[in-house]
Amino acid sequence: MAVPTMTKTFHLLTDDDLTPAQATALIDFAAQLKADHYAGKPQHHYLAGKTLAMIFQKPSTRTRVAFEAGMAQLGGHALYLSTNDLQLGRGETIADTARVLSRYVNAIMARVYKHQDIVELAAYATVPVINGLSDLAHPTQGLADMLTVKEHLGGWAGRTLAYLGCANNMAHSLVLSGALVGLNVRIACPPHCQPDPAIIARAQAIARQTGATIAVLSDPWQAVQGVDIVYTDVWVSMGQSLSQEALDALQAYQVNEEIMTAAGPGAIFMHCLPMYRGQEATAEVADGPRSVIFDQAENRLHLHKALLVELLSDAGPGILK
Ligand code: CP
Ligand code: NVA
């Protein structure tokens, strides 16, 4: 019997695998699913009988639980597969793993160290592959954060997000997702923590279409002038290490009350979590009235559900067709 071929093999490896129209429609659909969820509307019909494989090379709380709970709420099933439990941990290739899993499941989500690993997974999978964080990008967080921004600020046009700290995978996804929805993004980072110039160029090309601006600065005080959102992330990402000199340089980028005051009275504070209070942000800011960090965490669930419905079902709005 012939192996059925997928008609949809869309992969979300970086945020800009979506067009601006697809990104905004997906976020709107996530908002609709969120409202339906709170209204108690049945959602099991969307993905009944569908399975998501979730490969984790490194730890996770939000990504794992939001995908797993999301699949359950949609009537499907999610499999947690740590690399140590898979034959991948004994040297089976990514290519063979992708081809085998594609015979069992309807989509694969993977959290990997090297972005190239997820590119390879997608190259050999015949089902959709979702990047659940790589060293290059964290697209499901970036897109979910745009839903949080819209909920708190009413929209994206004319609004500005300042990201302070190490220009890592999170910063990359924020410039790409921000550009897609038309949100201005400024990154302020020290010289040893610069973003990938290719990602910035891609974000700027998208921003030219959507009317946003993308800038890379060094001065955190300049970066937060007049912004609507101050965002930060851990200084040392999973699998990375920084010299003491580099960590010392990052101290100037800590988000504290002084930075929030400089940003202005209406600015909100965002962080993808997990966080180290007292390092990249003070507890006063993280747990203060301007912090929306737990709304961000919740919105992962709704964004993941929208993405899964669009990838695996014909019952959604058909954004990825
Ligand atoms: N923000 C985020 O991806 O969190 P986890 O590492 O807990 O999945
Ligand atoms: N930049 C962080 C994000 C964690 C969700 C990391 O990669 O560890």
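Note that these values count all heavy atoms, side chains included, but never hydrogens, waters or copies made by symmetry. Counting convention: from 1, in listed order, for ligands and their atoms alike.
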* Return yes if some donor-acceptor pair links the side-chain N/O of S173 with the main-chain N/O of G142 below 3.5 Å, else return no. => no
* To do: For ligand 2, note which part of M170 has a heavy atom under 4.0 Å away: side chain, backbone, both or neither.
  => neither
* Asked: Step by step, would you call H115 with T14 a side-chain contact (heavy atoms from CB on, under 4.5 Å)?
  -> CA-CA 10 Å; H115 188 73; T14 53; 3.9 Å; yes
* Asked: Would you say P274 has any N or O atom under 3.5 Å from an N or O of ligand 2, going by distance alone?
  -> no
* Asked: In terms of residue, atom name and distance, what is the protein heavy atom nearest to atom 8 (O) of ligand 2?
  -> M238 N, 2.8 Å
* Asked: Does K114 pair with E120 as a salt bridge, N-O distance under 4.0 Å?
  -> no
* Test item, L133 contacting ligand 1 (heavy atom, 4.0 angstrom) -> no
* Does ligand 2 have any atom sitting under 4.0 Å from a heavy atom of D135? -> no
* Asked: By number and element, which atoms of ligand 2 are closer than 4.0 Å to a non-hydrogen atom of N169?
  -> 1 (N), 2 (C), 6 (C), 7 (O)
* To do: Indicate yes or no for a side-chain donor-acceptor contact from R111 to the backbone of P59 under 3.5 Å, with no hydrogens or angles considered.
  => yes
* Structure fact -> For atom 4 (C) of ligand 2, the closest protein heavy atom turns out to be L133 CD1, 3.7 Å
* Asked: Closest non-hydrogen protein atom to atom 4 (O) of ligand 1, residue and atom name please, with distance?
  -> R62 NE, 2.8 Å
* Once you find the SG atom in C166 and the one in C189, is the distance between them below 2.5 Å? -> no
* **Neighbour count >12 (heavy atoms, 6.0 Å) for atom OH, Y80** => yes
* To do: Quick one: look up the protein heavy atom nearest atom 7 (O) of ligand 1 and list residue, atom name and how far away it is.
  => T61 N, 2.6 Å
* H138 touching ligand 1 at heavy-atom level, < 4.0 angstrom -> yes
* Steps toward side-chain contact (heavy atoms from CB on, under 4.5 Å) verdict (F269, V255) -> CA-CA 9 Å; F269 170 71; V255 179; 3.7 Å; yes
* Any R111 heavy atom less than 4.0 Å to ligand 1 -> yes
* To do: Return yes if some donor-acceptor pair links the side-chain N/O of D96 with the main-chain N/O of E92 below 3.5 Å, else return no.
  => no
* Just by modelled atom types, is the L13 backbone N or O under 3.5 Å from a matching donor or acceptor in the H11 side chain? -> no
* Identify, for atom 3 (C) of ligand 2, the protein heavy atom at the shortest distance, and state residue, atom and that distance. => D233 OD2, 3.6 Å
* **Nitrogen or oxygen of K58 less than 3.5 angstrom from that of ligand 2** => no
* To do: Look at the side chain of Q141 and the backbone N and O of R300, then say whether any donor-acceptor pair between them is shorter than 3.5 Å.
  => no
* **Backbone or side-chain N or O of S237 under 3.5 Å from ligand 2 N or O** => yes
* Of T83, N84, D117, the residue whose pairing with Q57 passes side chain to side chain donor-acceptor pair (under 3.5 Å) -> D117
* Asked: Heavy atom under 4.0 Å from ligand 2: found in L273's side chain, backbone, both, or neither?
  -> backbone
* **Proximal ligand 1 atoms for C272, defined as those under 4.0 Å from one of its heavy atoms** => 1 (N)
* To do: Please confirm whether P274 comes within less than 3.5 Å of ligand 1 when only nitrogen or oxygen atoms on both sides are compared.
  => no
